[in-house]
Amino acid sequence: MDAGSWPHDEVIPILDFGSQTAQLIARRVREAGALGVLVRPGISAEEIRGMGAKGVILSGGPASVNEGDAPRMDPGVLEMGLPVLAICYGMQEACRVMGSKVVGGASREFGRAKTRIEDASDLLKAIPQDTTVWMSHGDQIADLAGRFDTLASTDTCPHAAVRHKTLPFYGVQFHPEVTHTPHGVHIFQNFLYEVCGCKGTWRMGDYVDVAVARVREMVGDGRVICGLSGGVDSAVCAALIHKAIGDRLVCVFVDNGLLRKNERELVEMTFRDHFALDLRVVRAGERFLGDLAGIAEPQEKRRRIGHRFIEVFKEAAREVDGAAFLAQGTLYPDVIESGHGHAGESANIKLHHNVGGLPEELGFELVEPLRDLFKDEVRKLGLVLGLPEEMVWRHPFPGPGLAVRVVGEVTSEKLAVLRECDAILLDEISSAGLYRKTSQVFAVLLPVQSVGVMGDGRTYESVVALRAVETDDFMTADWARIPFDVLARISNRIINEVRGVNRVVYDISSKPPATIEWE
């Protein structure tokens, strides 16, 4: 999100210096009842003042403040009189601006660290004297320049938390936003309530007003094309934009030939008939499959699907007069995993064809009203917008579709096998009452064959892996403990009903180190 006037009186801008946990800070702030908003690190004090901010948070980041190209903040932010909470790199940058020396620590700290609270007032109120925090830093403050008091310390970091003697400034070298800091939530609550004077009036329902206002401001009188997939992300995105601009939204659903069983029919029935949206369906399966012929490398598959996706949208756009914007249901985990974070560099884990990188010749400006939210927050938003629960709680489905669940080369024959396996899996999971208790469940067709026995003969057929995970934010995930009797029914049905499969296995890998999808 960018700076601007916000329809809420408890706004907390978060200067994002490139940390992969910056969005977690915004999430903790929103959960505590204030509107956390990620902004660029060099935002001016004047812009923050225009947001009506109650306080400011500075995030961590991967750089060293002593590097010449490290991200910098406007010193005026520290002179506004607004409360400031600076975390890790943000603390180092702010203290550097205020005259302290930052040096490489004699002992770098990565992981849990035992911390002694030396001043349990305001920021650290009600935090146990001996507590655990999560550290991830190489540099640290070497001296306080006579301007700060120490609030907490570790054996190797003497200034783990500080408070300015005259300004409402607080700095913590650790990361209170991660769950590995047990009392981190209390630190944010203390900052918001004790220091900033917030009342905790922010609710997810308020995000509708914020996002609608932003879409209207960005789009003006223009028309928007929304890439609709039928999943919760694009559904909420479409509903939100429709609320903002009405019939100036045109939804395009691309049948790429990589969909689940009966997916196109479901999307048409739901969005064209139930929501009365302007829905255009493009059947392009043969073109996508042609692009994938002979391709086995996962990133190349994603790249080709993304390229064709863009070409199909260009064709669809020519039939929509005045369309200048492309709306997508991009979420924050997509942004992070694609390396398109708000500020610093983050590792490119996988390509997402719906995140960044759209060629300029497409002629669209991206509208991504959900890119600052996690999946569970999007579901809450969907319920506020009045979407049906079965759609809001639908499991996510990847943009490249079944192409990333057919490991290796994708063919129409393999897709047909996988569709049937996937349909059986979801049918049994739903029948067992486990659909809402799991976050994502799917089948994967493996590029191996195994020996089996059917009747009096030996078979040499395909192996299908089942994947079920539980997660709150899809940044981390654990494998779901599906009851053995349910797994047995799924396996029995797949082997008996799907020709070409004679073995079913269950994936018990967590994320990390594995990803949720296989490709």
Side-chain angles (χ1 to χ4, degrees), residues 1-3 12-30 36-45 47-48 51 53 56-75 77-78 84-97 102-105 108-111 133-141 170-181 184 188 330-352 355-357 366 368 371-374 473-476 512:
M1 295 184 181
D2 296 320
I12 306 292
I14 301 157
L15 278 62
D16 182 357
F17 289 100
S19 170
Q20 290 211 11
T21 59
Q23 174 61 16
L24 285 176
I25 300 173
R27 180 171 180 162
R28 300 292 177 250
V29 170
R30 291 200 293 263
V37 180
L38 288 171
V39 296
R40 66 187 187 280
I43 187 173
S44 69
E47 288 176 285
I48 289 179
M51 296 173 71
V56 178
I57 296 177
L58 314 182
S59 85
S64 167
V65 295
N66 294 317
E67 297 171 353
D69 59 351
R72 303 299 184 196
M73 66 178 298
D74 175 7
V77 172
L78 302 172
V84 175
L85 172 60
I87 297 170
C88 198
Y89 177 93
M91 171 187 179
Q92 297 163 9
E93 167 65 2
C95 289
R96 181 196 65 83
V97 168
V102 179
V103 300
R108 296 187 174 191
E109 288 184 300
F110 296 96
V133 299
W134 184 262
M135 291 284 193
S136 181
H137 69 98
D139 296 344
Q140 62 184 40
I141 309 302
Y170 300 81
V172 293
Q173 186 58 72
F174 53 88
H175 288 270
E177 69 270 23
V178 300
T179 56
H180 303 303
T181 300
F188 283 111
T330 308
L331 306 191
Y332 193 76
D334 299 333
V335 176
I336 289 298
E337 291 191 340
S338 302
H340 293 278
H342 293 269
E345 294 296 324
S346 55
N348 190 324
I349 300 172
K350 62 184 178 182
L351 292 174
H352 288 261
V355 180
L366 279 177
E368 297 176 310
R371 67 178 285 127
D372 292 299
L373 302 181
F374 284 100
D473 54 25
F474 287 83
M475 296 293 281
T476 62

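- Counting all heavy atoms, side chain and backbone alike, P13 lies closest to A53 at CD-CB, 3.4 Å.
- A donor atom on one side chain and an acceptor atom on the other are found under 3.5 Å apart for E47 and S44.
- When all heavy atoms are compared, the tightest approach of D16 to P41 is O-CD, 3.3 Å.
- Closest heavy-atom contact between S59 and F17: OG-N, 2.9 Å.
- Side-chain contact between Q140 and V102 is absent, with no heavy-atom pair separated by less than 4.5 Å.
- Residue Q92 forms a side chain to side chain contact (heavy atoms under 4.5 Å, CB included) with just one option from V103, L58, V65, and that option is V65.
- In this structure, CG in L78 is found 4.0 Å from CE in M73, a value given to the nearest 0.5 Å.
- Counting only distance, with no hydrogens or angles, the side chain of R28 and the backbone of E177 share a donor-acceptor pair below 3.5 Å.
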Check against side chain to side chain contact (heavy atoms under 4.5 Å, CB included), I43 and L15: CA-CA 8 Å; I43 187 173; L15 278 62; 3.8 Å; yes
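- Of all the heavy atoms in I87 and F174, the pair that sits closest is CG2-O, 3.4 Å.
- For the pair I57/F188, a side-chain contact is recorded, criterion being any heavy-atom separation below 4.5 Å from C-beta on.
- I12 CD1 to I48 CD1: the interatomic distance, rounded to the nearest 0.5 Å, is 10.5 Å.
- Annotation: side chain of P71 is in contact with side chain of Y89 (closest heavy-atom distance under 4.5 Å).
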CA sep, side-chain torsions, deciding dist, call: T21, H175, side chain to side chain contact (heavy atoms under 4.5 Å, CB included): CA-CA 9 Å; T21 59; H175 288 270; 4.0 Å; yes
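- Heavy atoms only, all atoms of each residue included: R30 and G36 are closest at NH1-O, 3.3 Å.
- Taken to the nearest 0.5 Å, the CZ atom of R371 stands 8.0 Å off from the CG atom of L366.
- Side chain of T181 to backbone of W134: a donor-acceptor contact under 3.5 angstrom is found.
- Listed here is the closest heavy atom pair of E93 and R72: OE1-NH1, 3.1 Å.
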